[in-house]
Amino acid sequence: MHVFLPDGKRLDLPEGATALDAAKMIGPRLAQDALAATVGGELTDLMTPLPGGAAITLITKKNPGDAAPLFRHSLGHVLSQAVGEYYVARGFAHEAVKRGVGPAIENGFYQDFDLPQPLSEEEFPAIEALMRDILSRNLDITRAEVGKDRALAQFSYDPYKVELIAALPDAEPITFYSQGDYVDLCRGPHFPRTGALPSAFKLMSTSSAYWRGDASNPTLQRVYGVAFAGQKELDEYLERLEEAKRRDHRRLGKELELFTIDPLVGKGLPLWLPNGTVLREELTRFLREQQFQRYYQGVITPNIGNLELYKTSGHYQNYSDSNFSPITVDDEQYMLKPMNCPHHVRIYASKPRSYRDLPVRLAEFGTVYRYEQSGELNGLTRVRGFTQDDAHIFCRPDQLKTEFLAVLDLTVLVLGTFGMTDVRFRVGVRDASKDKYVGSDANWDAAEAQIIEAVGEVGLPFTVEPGDAAFYGPKLDFVIKDVIGREWQLGTIQVDYNLPERFDISYVGEDGADHRPVMIHRAPFGSLERFVGILIEHYGGDFPLWLAPRQVVLIPIADRHNAYAEELQAELHRAGLRAEVDDSSSRMNAKVRQAELSKIPVMLIVGDKEQEERAVSVRERTPEGHKERKGVQFAELKTELLERYQTRS
RNA sequence: GUUCUUGUAGCUCAGUGGUAGAGCACUCCCUUGGUAAGGGAGAGGUCGUCAGUUCAAUCCUGACCAAGAACUCCA
């Protein structure tokens with residue numbers, strides 16, 4: 001057989017040859033330096049037989065980062081071996097340590113264990129030392145193909161491995177990878193020897209994970225590690241984690257007094273503090289203005305509704321797990337509102353509609369309640385009571401595309417206003433489990449096709465994800481990545497043929513007959529809670545002037561300047577700006593420091609010079625540090641600030 | 001919801017089987033200053049809740065509550 005090298009040369013090899021054999025043919029030095037290979041663009045190791053005719057490249061110790069998934073996977077095995085040795089050294093039998101899966105992941109690896117006693121994070125240094133010892137032993141990592149019987153015999157003590165092996169197809173060879181006396185069932189690929197593995201790794205945390213991800217299975221202890229080709233990359237990664245911690249909206253929410261969650265009020269039920277309320281109201285005002293320009297009409301609906309309403313909509317049946325239990329009053333049952341749509345449908349149905357009336361766009365900042373699992377709750381980003389920037393557009397089928405594109409346009413504008421450029425568009429369609437969805441296939445097919453067509457037309461990059469649809473229709477979600485790479489769903493647009501049918505709503509067409517409208521559900525922010533949470537992290541608490549809960553602080557240099565500062569403060573306040581005076585007895589340096597820590601964007605320092613000229617000395621926070629302007633006329637500054645506030649620039 | 005970890009002053013955190021401490025914040029006094037911390041004094045805690053072990057529990061044990069991480073889930 002033969003393979004092709006990167007320069008296009010053909011290399012003839014004996015049948016069953018590996019990438020290492022190929023490297024040896026090319027030169028002994030390359031064979032020594034080689035760590036991994038790619039075959040037809042896919043990463044593989046040096047021990048796996050090559051398929052004939054493939055294009056191969058060799059990855060050497062010059063650029064080990066190209067083989068990161070391999071060394072991360074191998075380090076997972078080293079961790080697994082180290083944990084085994086650790087428990088044996090403490091008197092446990094070798095068979096007492098059982099293992100689940102242990103793959104490479106983004107930035108590192110993990111390994112699941114079933115241990116005779118839990119491993120604590122205090123023991124990580126000892127485990128890491130053992131791992132480094134295994135690296136220094138420079139053990140060869142070897143690959144072997146075995147039969148199923150042999151595989152089962154090898155791991156007879158480990159029910160997890162037995163289950164995995166039993167599930168493997170008979171036809172394919174089962175592979176073992178070994179290093180020293182450690183053997184693991186593994187598909188590979190791996191580095192050729194432990195000595196070649198980078199030592200830039202760190203065990204990060206331990207947690208539990210269900211065996212095979214199923215909540216009805218036993219839990220295993222999962223140990224996470226991160227690993228990089230060099231120490232520098234590892235340090236940078238750890239620094240990014242620190243940065244994420246600094247930007248964490250729960251921490252900033254406390255420091256900047258934006259919101260609090262009080263167990264006495266209830267978990268997942270955030271209380272908006274005055275500063276956070278300013279943020280929220282600015283966002284609301286912004287979107288209301290946009291919606292007014294786009295001919296939306298505001299409506300208001302109650303926070304609970306009759307159970308029959310949700311039975312008609314299907315929310316009661318389809319989401320029984322995540323609804324709050326119904327309340328019984330006077331022989332009737334009510335439920336906390338999990339969605340605004342049914343209410344808006346009833347508003348549509350409150351009078352006859354003509355085709356001339358459509359589209360009808362009903363908007364509400366509607367508060368809904370969903371019983372999220374307690375383990376899911378997270379600051380503002382996952383809560384049990386939240387307010388959606390919801391609207392429902394009822395339109396004729398021929399208006400659907402225009403309306404959908406208009407909503408898309410609004411959403412893109414919203415995201416752009418906050419500089420959220422790294423957004424992913426996700427089209428959620430049905431998957432095979434059809435009983436999860438209501439409505440006819442024809443309606444679904446039409447709606448799915450229309451979303452994909454519209455998104456494609458705007459030229460947005462998107463992915464189609466089966467199973468991500470709502471029960472009543474397909475949807476387009478906007479997903480943003482945060483500083484540490486976690487993805488959060490922001491807004492959503494959904495096309496719905498089903499609720500109109502379930503509620504039997506209609507409009508009178510040109511022909512005088514009744515027709516069924518189509519509904520678009522949309523929420524550009526998603527929810528104000530989650531959006532504010534993400535916004536806090538997005539800006540790291542450094543909000544632009546229009547959003548900053550505290551916009552301006554006046555800093556008198558000495559007490560005799562307090563009256564002047566208060567006069568200016570009152571004038572700014574009358575103009576609608578959020579201004580305050582720091583009249584504490586601290587020195588001016590300390591006041592500046594305090595304002596910096598509070599992330600107040602504009603500081604106005606006033607002393608004798610300023611007072612004389614009715615001026616201020618301006619210190620502004622900028623991403624690059626701060627900017628100072630001295631002797632600015634107060635009247636001019638006020639106009640400038642107002643202009644910036646009103647234009648949201 | 002499950003597993004693990006954590007819970008001490010408003011905040012960040014030390015600490016001990018004999019009922020507690022620091023820094024910041026707060027109050028008062030002195031200081032009146034020019035772009036990131038002036039000095040002093042004071043006040044503030046059922047050591048998450050409830051049981052148990054003990055002569056004695058904030059500390060040990062258990063349950064519960066809450067938070068964090070991960071898993072599962074997410075209209």
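In the text below, chain A, chain B and the rest are named by the order of the sequence lines, each starting its count at 1.
Taking atom P in both B:rC73 and B:rU46, one finds a spacing of 43 Å when rounded to whole Å. B:rG18 and B:rC47 have their P atoms separated by 15 Å, with the value rounded to a whole Å. Comparing the P positions of B:rG21 and B:rG15 gives a spacing of 15 Å, expressed to the nearest Å. Across B:rG10 and B:rG48, the matching P atoms stand 12 Å from one another, rounded to whole Å. Taking atom P on both B:rU49 and B:rG7, the two are 13 Å apart, rounded to the nearest angstrom. B:rA66 and B:rC24 have their P atoms separated by 35 Å, with the value rounded to a whole Å. Taking the C1' atoms as reference points, B:rU58 lies 15 Å from B:rC50, given to the whole Å. Of the P atoms belonging to B:rU27 and B:rU8, the separation is 24 Å, rounded to the nearest Å.
Atom-to-atom, CG of A:Leu241 to C1' of B:rA69 comes out at 13 Å; the value is rounded to the nearest Å. Atom CG in A:Asp114 sits about 12 Å away from atom C1' in B:rU3, given to the nearest Å. Across the protein-nucleic acid pair, A:Arg251 atom CZ and B:rG68 atom C1' stand 14 Å apart, rounded to whole Å. If you measure from atom CG of A:Asp262 to atom C1' of B:rC65, you get 13 Å, rounded to the nearest angstrom. The separation between A:Gln221 atom CD and B:rU3 atom C1' is 9 Å, rounded to whole Å. In this entry the distance linking CG of A:Leu269 with P of B:rA66 reads 11 Å, nearest Å. Rounded to whole Å, the distance from CZ on A:Arg246 to P on B:rC11 is 22 Å. Taking atom CD of A:Glu465 as the reference point, atom P of B:rC74 lies 13 Å away to the nearest angstrom.
Geometrically, A:Arg90 engages A:Tyr87 in a cation-pi contact, judged by NZ or CZ lying under 6.0 Å from the ring centre and within 45° of the ring axis. Annotation: cation-pi pair A:Arg72/A:Phe109 absent, no NZ/CZ under 6.0 Å from the ring centroid and within 45° of its normal.
With a 3.5 Å ceiling on both atom-pair distances, the Watson-Crick or G-U wobble partner of B:rA67 is B:rU5. B:rU46: no Watson-Crick or G-U partner with both key distances under 3.5 Å is found in any strand. Taking a pair to require two hydrogen-bonding distances under 3.5 Å in either a Watson-Crick or a G-U wobble arrangement, B:rA20 remains unpaired. When both distances must be under 3.5 Å, the Watson-Crick or G-U wobble mate of B:rU53 does not exist. Base pairing analysis places B:rC28 opposite B:rG40; the two distances defining the Watson-Crick or G-U wobble pair are each below 3.5 Å. Base pairing annotation: B:rC74 forms no Watson-Crick or G-U wobble pair, as no partner gives both donor-acceptor distances under 3.5 Å.
Of the candidates A:Leu554, A:Ile555, A:Val552, A:Val581 forms a side-chain contact (heavy atoms from CB on, under 4.5 Å) with just one, namely A:Leu554.
Not a single donor-acceptor pair under 3.5 Å links the side chain of A:Glu620 to the backbone N or O of A:His626. Counting only distance, with no hydrogens or angles, the side chain of A:Gln551 and the backbone of A:Leu545 share a donor-acceptor pair below 3.5 Å.
Along RNA chain B, the nucleotide closest to A:Gly375 and the one closest to A:Arg222 are compared, and the more 5′ of them pairs with A:Gly375. Along RNA chain B, the nucleotide nearest A:Tyr371 and the nucleotide nearest A:Glu255 are compared for position; the residue whose nucleotide lies closer to the 5' end is A:Tyr371.
Which of B:rA36, B:rG34, B:rU12 sits closest to the side chain of A:Lys609 comes down to B:rG34. Comparing B:rG1, B:rC74, B:rG34 against the side chain of A:Lys267 picks out B:rG1 as the nearest.
If you check every strand for non-hydrogen atoms under 4.0 Å, A:Asn589 touches sugar and phosphate atoms only. Among the atoms of the strands shown, none is found under 4.0 Å from any heavy atom of A:Glu257. At the heavy-atom level, A:His521 lies nowhere under 4.0 Å from the strands shown. Using a 4.0 Å heavy-atom distance criterion, A:Arg382 is classed as a base contact. Across all strands, A:Ser585 comes closer than 4.0 Å to base atoms (heavy-atom distances).
Within the 6.0 Å centre-distance limit, the rings of A:Tyr472 and A:His521 are counted as a close aromatic pair.
Under 4.0 angstrom from either OP1 or OP2 of B:rA37 there lies no side-chain N or O belonging to A:Arg587. The phosphate of B:rA37 has neither OP1 nor OP2 within less than 4.0 Å of any side-chain N or O from A:Lys591. One finds no side-chain N or O of A:Arg250 lying less than 4.0 angstrom from the OP1 or OP2 phosphate oxygen of B:rA67. One finds no side-chain N or O of A:Asn378 lying less than 4.0 angstrom from the OP1 or OP2 phosphate oxygen of B:rA67.
Salt-bridge check for A:Glu372 with A:Arg530: failed, with every basic side-chain N at 4.0 Å or more from each acidic carboxylate O.
A donor-acceptor contact under 3.5 Å is not formed by the side chain of A:Gln373 with the base of B:rU2. Side-chain N/O atoms of A:Glu372 and base N/O atoms of B:rG1 include no donor-acceptor pair closer than 3.5 Å.
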message = As a quick check of understanding, evaluate salt bridge (charged side-chain N to carboxylate O under 4.0 Å, His left out) for A:Asp114 and A:Arg99, giving each step before the final call.
response = CA-CA 6 Å; A:Asp114 181 352; A:Arg99 295 172 175 88; over 6 Å; no
